[in-house]
Amino acid sequence: MKGNYDKAFENVVRLRVMSILMVNEQFDFNSFKEILEVTDGNLASHLRYLENQGYVAVEKTFVGRKPQTNYSATASGKKAFQDHLDFLENLIKENKSH
Amino acid sequence: MKNPEQELAEIKSMMERSTRFLSLSGLSGVLAGIYALIGGGIAWYWLYFPTSQWGDSSQILNSSTLLPRLLLLASSILLFAVGTAWLLSKRKSKQKAQVFWNGASKRFMQALFIPVLVGGLFTFALIHEAAFQLIPANLLIFYGLGLVAASNFTLGEIQKLGFFQLILGIMAAFFPDYGLWFWVSGFGILHVVYGALMYQKYDR
C-alpha cells in the first residue's frame, strides 16, 4: 500500500499545524494560537515535538520590540505529511472498492 | 485513529482557513450594489436629464461645476461600500468564531487594494487630462484586476465577478458614450447578483 501513516500526525493539533504549514510559507506562534484555539503550553509542546522530529524549523525575530516566533515546514516535514495524505487517500479508495 | 474522510476534511478546512479570508459578507456585496445603483441614478440625472439617455459627457463635464459634485458622489459611494463590507464581514467572522484580522485577510486586502489604489490615482490623471470618457472603463478594469488577484485569498466566486468587471471595462473603453451604463451594470447589478449568490451559499 502506498503512503505511510505517521504517528506524528495522530494528534489533531499537530495535524492542523502541519496542514497550515503546507500552504503558508511561515506562520507565527500567536496566529497558531488564534486559529487553533489551544493553550500556550499545549501548542508549545506540540510544536517542540514536530521540531524534534525535524518536520518544522523555528526562527525567532523581533517585530518592533515584540519577539515573534515563526515556524515553517522543512523538506522532510513536507514529505512526511504528503506520505500521510497518500496513506489516507488510499485507505479511502480501498474502503470504497470493498 | 479517526476515520480517514474526517481527517482529510480537517486538513482541507485548516488549509483554507489559514490562507483564505472566508468571512467576506455576501450581504455587503448586495448593499454595495444598491449604493452604486442609487449613485448611478443621481449621476445620470445630473449629466443627462432630461435631454438624452446617454452620450458623450465630456462637454458637459468640461463646462460646468458638475465635476466636483460627481467626485464627491463617487467617493461617498466608495466609502459607504467599503465601510459596509468591513462592518458586515467583521460581524460574520464573529458569528463564525473566526479571526477577522489575520494573515489571510491581510493578503486579501493587499491583493485587492494595490490595483484599486493605482486605478484611483490613474483616474485623477484622466481627470487632469480631461479624458472623462475613459473613467468608467478605467474604474471597472482596475477593480476587476483587483478582484481577480484577491480571489486567491477568499471565496472562489470573487474570481468570476472580477472577470465580468473586466469584460464590462473593456466594452466601456470601446463604447465610452455608454460609460455610465457599463459602470452601473458592473458596480451595481453585478454586485447585487454576486452578493446575493454568496449570501445564499455562505452567509446563512
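Heavy-atom basis, side chains included; hydrogens, waters and symmetry copies ignored. Please read all numbers here as calculations on a predicted model, not as lab measurements.
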Value rounded to 0.5 Å, distance of CG in Leu21(A) from CE in Met15(B): 10.0 Å
Distance (rounded to the nearest 0.5 Å) between Leu88(A) CG and Glu10(B) CD: 11.5 Å
Flag side-chain contact, heavy atom, 4.5 Å: Ser31(A) against Asn102(B): no
Exceeds 12 heavy-atom contacts within 6.0 angstrom, atom CD of Glu5(B): yes
Separation of Arg16(A) CZ from Ile11(B) CD1 (nearest 0.5 Å): 11.0 Å
Glu25(A) atom CD, over 12 foreign heavy atoms within 6.0 Å: no
Separation of Leu85(A) CG from Lys12(B) NZ (nearest 0.5 Å): 12.5 Å
Closest heavy-atom pair and its distance - Ile20(A), Met14(B): CD1-SD, 3.7 Å
Phe27(A) portion near chain B, given a 4.5 angstrom heavy-atom threshold: side chain
Between CD on residue Glu7(B) and OG on residue Ser19(A), distance to nearest 0.5 Å: 9.0 Å
Proximal component of Arg107(B), with respect to chain A [non-hydrogen, under 4.5 Å]: side chain
Residue Phe100(B) excluded, over 12 heavy atoms near CZ under 6.0 Å: yes
CG on Leu91(A) to CG on Asn3(B), rounded to 0.5 Å: 9.0 Å
Phe122(B) atom CZ: more than 12 heavy-atom contacts under 6.0 Å: no
